[in-house]
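Throughout, a chain's letter reflects where its sequence line sits, starting with A, and its residues are numbered from 1.
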Amino acid sequence: MCSRYFLDDDGNIISYTFRVPVDDRVKRRYNIAPTNVSPVIRAAPEGGRALAMLRWGLVPYWADDLKVGTRAINARSETVEQKPTFREAFKTRRCLVPATGYFEWKGDPGHKQPFAFTLPDRPMFAFAGLWERWKPRDGGDPVETYTILTTEPNAYAATIHDRMPVILAEGDYDRWLSGTVAEVRPLMRPYANEMGARTVSKLVGNPRNDVPEVLLPD
DNA sequence: CCAGACGTTGTT
DNA sequence: GTCTGG
DNA sequence: CCAGACGTTGTT
DNA sequence: GTCTGG
């Protein structure tokens with residue numbers, strides 16, 4: 001399971017834009033890749049929820065550098081409570097990761113075909129995520145990062161891949177953000193409703209290669 | 001004891 | 001920070 | 001987009 | 001400096 005993307009109203013892949021807090025430039029992306037700063041939703045200290053821009057790839061607070069995060073883009077829900085990298089975040093720093101779809105690849109190495117997954121009844125939805133705050137040893141600005149939980153695939157996802165991201169029901173958002181460990185544990189399960197998957201160009205998601213903005217026909 | 005890992009997936 | 005392996 | 005690599009051989 | 005990988 002890897003990158004997510006955003007669609008327009010017609011279901012075509014589009015770039016999405018957001019303002020980077022650091023320099024206020026407008027960044028345009030076709031796809032979210034590991035290490036990209038991208039939107040997540042957390043419980044706000046003052047109550048309610050807050051959108052924030054975090055870097056994809058969780059870096060635990062005790063890490064020596066950011067490199068650890070490039071490998072922690074996903075966390076297995078089956079082991080998240082035991083793994084040193086994730087267990088503290090799982091207790092108190094959960095987040096929602098918004099998306100309109102995600103890519104998955106299938107096939108032999110060198111001939112892998114990418115597929116775009118969507119939820120027919122939910123134009124936008126949320127993955128279950130965790131976040132962390134890492135402080136550089138040299139006293140630089142803290143860096144906030146996140147990861148996406150994975151689980152076993154449902155019948156749809158299983159046709160393409162052996163894992164899938166944890167997709168939350170809308171009614172479970174608050175529970176995921178603020179519930180106890182016992183309350184959120186049962187939420188980490190395969191998505192129960194219908195999903196769609198379409199083949200897309202192998203160049204999708206890579207802006208450097210003039211990414212086509214439209215899904216290819218089935 | 002101390003050094004080293006701490007993770008998931010397997011594409012472009 | 002904490003666990004594991006040597 | 002941006003961080004990171006940029007390379008090959010292989011025994012003291 | 002430029003290409004690649006995430």
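The interatomic distance linking A:R87 (CZ) with C:dC3 (C1') rounds to 7 Å, in whole Å. The CZ-P distance, from A:F90 to C:dG1, rounds to 23 Å in whole Å. Counting to the nearest Å, the P atom of C:dG1 and the CZ atom of A:R93 are 14 Å from each other. Note: CD1 (A:I148) to C1' (B:dT9) measures 14 Å, nearest angstrom. In this structure, the CD1 atom of A:I73 is 9 Å from the P atom of E:dG6, given to the nearest Å. The OH-C1' distance, from A:Y61 to C:dT2, rounds to 8 Å in whole Å. To the nearest angstrom, C1' of B:dT9 lies 17 Å from CZ of A:F103. Rounded to whole Å, the distance from CD1 on A:I160 to P on B:dG10 is 12 Å.
When the options A:I167, A:T150, A:L168 are evaluated for a side-chain contact (heavy atoms from CB on, under 4.5 Å) with A:F127, the one that passes is A:I167.
Residues A:E78 and A:R163 are paired through a salt bridge, judged by an N-O separation under 4.0 Å between the basic side chain and the carboxylate.
Of the P atoms belonging to E:dT4 and D:dG7, the separation is 10 Å, rounded to the nearest Å.
Closest to the side chain of A:R76, from the set B:dT8, B:dC6, B:dG10, is B:dT8. Distances were taken from every side-chain heavy atom of A:W62 (C-beta onward) to each of C:dT2, C:dG1, B:dG10; the shortest belongs to C:dG1. Of the candidate nucleotides B:dT8, C:dG1, B:dG10, B:dG10 has the atom nearest to the side chain of A:E104.
Atom CG of A:D141 has 12 or fewer neighbouring heavy atoms from other residues, nucleotides or ligands inside a 6.0 Å radius. Counted within 6.0 Å of CD on A:E152, heavy atoms from surrounding residues, nucleotides or ligands total 12 or fewer; the atom is thus considered open.
At B:dT9, one or more side-chain N or O atoms of A:R163 fall inside 4.0 Å of OP1 or OP2 (strictly under the cut-off). Between A:T150 and B:dT8 there is no side-chain polar atom (N or O) within less than 4.0 angstrom of OP1 or OP2.
Within the 4.0 angstrom heavy-atom criterion, only backbone atoms of the sugar-phosphate kind lie near A:T79; the bases stay farther away.
Look at C:dG5: its Watson-Crick or wobble partner, with both distances under 3.5 angstrom, is B:dC2. With both pairing distances under 3.5 Å, D:dT8 is matched to nothing as a Watson-Crick or G-U wobble pair.
Inter-residue side-chain proximity for A:V97 and A:Y146 is flagged as met; some heavy-atom pair is nearer than 4.5 Å.
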